[in-house]
Amino acid sequence: MTDWLEGPLDGNWRGGEAQAEHISGQIWSPADHPPQVHQAPPPNLGPPGAAPQAPVPVPPPRLNGHPGNGRPAVRTGPTGPGGGNTGHGRRAPSPPSRRRRITRALIVLATVLGLGSAGTYVWADTELNREVDLGKIADRPSSGGGTNYLIVGSDSRVGLSDRARKNLHTGGSADAGRRTDSMILLHTGEHGTTMVSLPRDSWVTIPSHIRPETGKHYRASKNKLNAAFSFGGPDLLVRTIEHNTGVHIDHYTEIGFAGFVGIVNAVGGVPMCLDRDIKDEKSGADLKKGCHTLDGRTALAFVRQRHQEAKGDLGRGENQQKFLAALAKKAATPGVLLDPSTVYPTMSAGLGTLIVDKDTGLPNLTALFKAMKAVTTGDGKRLTVPVSNLAFQTPKGSAVKWNTRLANQLFTELNNDRPVTVGAKK
């Protein structure tokens with residue numbers, strides 16, 4: 001997603017089978033009912049020489065209950081070989097039925113999965129890098145309806161070896177400062193999801209700020225949007241976007257090269273269909289027209305390429321939105337989402353380089369993920385901020401000039417959580 005782009009569970013479950021037995025029925029012990037054997041008296045033969053008398057009838061089996069003990073009476077019967085009773089006052093327990101065995105297995109499985117989810121959740125939540133504090137940013141617009149995420153793709157090379165940087169065509173060094181060239185404002189609310197690309201060369205007003213590295217104060221001035229991140233990092237970038245759009249940013253997410261590549265590889269690649277050949281030497285993209293499953297390397301090259309795009313950065317932004325939605329859809333499929341051997345590597349690959357704000361947790365990231373996936377099912381829109389000039393001449397070089405009227409209309413609709421009527425693209 002950058003110039004974008006240029007569980008583990010250690011807890012052991014014990015006693016599940018005993019718990020299942022306890023739930024399905026009380027466990028009987030022979031001590032509850034001591035053996036009681038009922039034998040018939042010997043036949044009455046009468047005096048010697050007399051004809052044998054008919055045997056005295058044996059009374060029918062009686063109910064051998066224990067009044068007042070709260071236990072049901074148990075019918076006893078003949079004992080011995082072929083008898084229908086063990087002689088202990090109860091029938092011998094029959095083997096558990098297939099249904100009962102399945103029920104027990106489900107209880108055990110649910111317990112293990114429940115503990116697994118909790119363990120993975122705790123681990124993943126602690127792995128998030130919450131270095132951005134939106135609460136410290138001054139002069140912010142008031143919160144509107146719905147939720148707004150700022151998704152940033154940085155060119156951070158952290159986590160990439162020299163060989164990996166060469167293979168991915170990223171250039172630079174692992175300790176080089178990160179920059180951002182891709183910014184997507186994602187809004188989710190009552191009317192679905194709207195993804196708005198903000199071109200890196202957008203001509204905007206950067207608010208007054210203090211450079212962190214020098215402590216020098218700078219007045220508000222016009223510049224390209226990507227300069228805000230270079231001058232003041234995520235804080236100044238958020239301030240600049242809020243100042244120029246009037247939209248309150250609720251959550252910030254940023255991912256670098258290594259995290260992006262790792263996630264794509266962990267989910268087994270992302271399906272993507274192209275309507276033309278794409279070849280870009282700088283990004284390393286070399287794809288033929290048709291459908292492909294992009295691995296981490298080819299996906300990074302695809303979302304970074306822009307030199308052969310007719311609309312330049314605007315075209316690249318559209319590709320990035322399309323890919324993000326496809327990635328969310330692939331990762332949410334049952335074969336990926338329900339496979340622990342896939343979920344853990346996926347989370348490990350992404351969390352290591354994911355930077356978020358202090359108020360962002362896994363529930364927020366889950367909501368963001370679902371919102372991106374919704375775009376692929378038609379419950380959302382993908383668009384670029386309305387533009388009036390792609391080659392606007394400025395003291396800082398050629399820039400992208402927004403269409404002020406349409407851009408204001410778009411951002412007003414988003415901030416008020418109203419249906420978007422400006423330049424929607426499915």
Side-chain angles (χ1 to χ4, degrees), residues 1 128 130 132-153 182-199 202 204-205 207 225 228 234-255 317-318 320-322 324-325 328-329 332 354-387 402-426:
M1 196 171 39
L128 291 174
R130 296 183 173 92
V132 179
D133 189 353
L134 298 180
K136 292 183 178 181
I137 299 177
D139 303 324
R140 305 187 66 194
S142 58
S143 297
T147 304
N148 299 305
Y149 298 83
L150 180 60
I151 306 172
V152 174
S182 298
M183 291 145 281
I184 295 175
L185 177 61
L186 184 145
H187 172 86
T188 180
E190 288 192 13
H191 305 285
T193 301
T194 302
M195 299 175 71
V196 183
S197 288
L198 305 175
S202 296
V204 297
T205 299
L225 181 57
D235 291 4
L236 186 56
L237 178 62
V238 170
R239 283 186 62 205
T240 300
I241 291 175
E242 290 186 337
H243 178 80
N244 288 271
T245 66
V247 175
H248 180 92
I249 303 299
D250 298 296
H251 298 287
Y252 176 92
T253 61
E254 176 191 335
I255 192 168
E318 293 174 0
Q320 292 166 1
Q321 290 185 8
K322 181 179 180 181
L324 281 180
K329 181 179 180 181
L354 187 65
I355 297 173
V356 299
D357 64 274
K358 293 185 180 299
D359 294 328
T360 291
L362 290 184
N364 307 111
L365 293 178
T366 300
L368 170 62
F369 199 76
K370 290 180 178 179
M372 289 193 296
K373 178 179 178 291
V375 176
T376 65
T377 61
D379 186 21
K381 303 176 177 66
R382 299 194 303 262
L383 59 146
T384 300
V385 60
V387 171
W402 293 356
N403 183 315
T404 304
R405 181 182 65 82
L406 292 179
N408 288 342
Q409 180 182 337
L410 169 63
F411 296 131
T412 299
E413 290 173 345
L414 293 178
N415 208 38
N416 294 326
D417 197 24
R418 299 205 303 259
V420 173
T421 61
V422 179
K425 291 184 180 180
K426 290 282 185 161

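Along the sequence shown, residues are numbered consecutively beginning with 1.
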For residues [X] and [Y], report the shortest heavy-atom separation together with the two atoms involved.
X: Thr205; Y: Thr240; value: O-CG2, 3.6 Å
X: Trp402; Y: Val385; value: NE1-CG1, 3.5 Å
X: Gly192; Y: Asp379; value: CA-OD1, 3.5 Å
X: Gly146; Y: His187; value: CA-CE1, 3.9 Å
X: Asp417; Y: Gly189; value: OD1-CA, 3.5 Å
X: Ala138; Y: Arg239; value: O-NE, 4.1 Å

Taking side-chain contact (heavy atoms from CB on, under 4.5 Å) as the definition, give me every residue that meets it alongside [X], ordered by chain and number, with sequence neighbours left out.
X: Asn408; result: Thr404
X: Asp359; result: Asp357
X: Ser197; result: Ile184, Gln321, Thr384
X: Lys358; result: Arg130, Asp133

Can any side-chain N or O of [X] pair as donor or acceptor with the backbone N or O of [Y] at less than 3.5 Å?
X: His248; Y: Pro141; answer: yes
X: Asn415; Y: Phe411; answer: no
X: Thr193; Y: Val375; answer: no

Test item: [X] and [Y] side chains (from C-beta on) under 4.5 Å apart, heavy atoms:
X: Val152; Y: Pro234; value: no
X: Asp250; Y: Leu134; value: no
X: Thr360; Y: Tyr252; value: no
X: Glu413; Y: Thr421; value: yes
X: Val196; Y: Leu414; value: yes

Using the rule given for side-chain contact (heavy atoms from CB on, under 4.5 Å), can you reason through Leu225 versus Leu237, listing the C-alpha separation, both sets of side-chain angles and the distance that settles it, and then say yes or no?
CA-CA 8 Å; Leu225 181 57; Leu237 178 62; 4.1 Å; yes
List the steps, then state whether side-chain contact (heavy atoms from CB on, under 4.5 Å) holds for Ile151 with Leu368.
CA-CA 10 Å; Ile151 306 172; Leu368 170 62; 3.9 Å; yes
How far does [atom1] of [X] sit from [atom2] of [Y], to the nearest 0.5 angstrom?
X: Ile249; Y: Leu186; atom1: CD1; atom2: CG; answer: 10.0 Å
X: Met183; Y: Gln320; atom1: CE; atom2: CD; answer: 9.5 Å
X: His251; Y: Asn364; atom1: NE2; atom2: CG; answer: 4.0 Å
X: Glu318; Y: Met195; atom1: CD; atom2: CE; answer: 12.0 Å
X: Met372; Y: Lys370; atom1: CE; atom2: NZ; answer: 13.0 Å

Can you name the salt bridge (charged side-chain N to carboxylate O under 4.0 Å, His left out) partners of Glu242, sequence neighbours left out?
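By the salt bridge (charged side-chain N to carboxylate O under 4.0 Å, His left out) rule, Glu242 matches Arg140.
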Would you sort out whether Val247 and Ile241 count as a side-chain contact (heavy atoms from CB on, under 4.5 Å), showing the intermediate values?
CA-CA 8 Å; Val247 175; Ile241 291 175; over 6 Å; no
For side-chain contact (heavy atoms from CB on, under 4.5 Å), just list the numbers for Val132 and Asp235, CA-CA rounded to whole Å, side-chain angles, deciding distance to a tenth of an Å, and then say yes or no.
CA-CA 7 Å; Val132 179; Asp235 291 4; 3.9 Å; yes
Checking His243 now: which residues fulfil ring pair (Phe, Tyr, Trp, His ring centres under 6.0 Å) with it, not counting sequence neighbours?
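Per chain and number, His243 pairs via ring pair (Phe, Tyr, Trp, His ring centres under 6.0 Å) with no residue.
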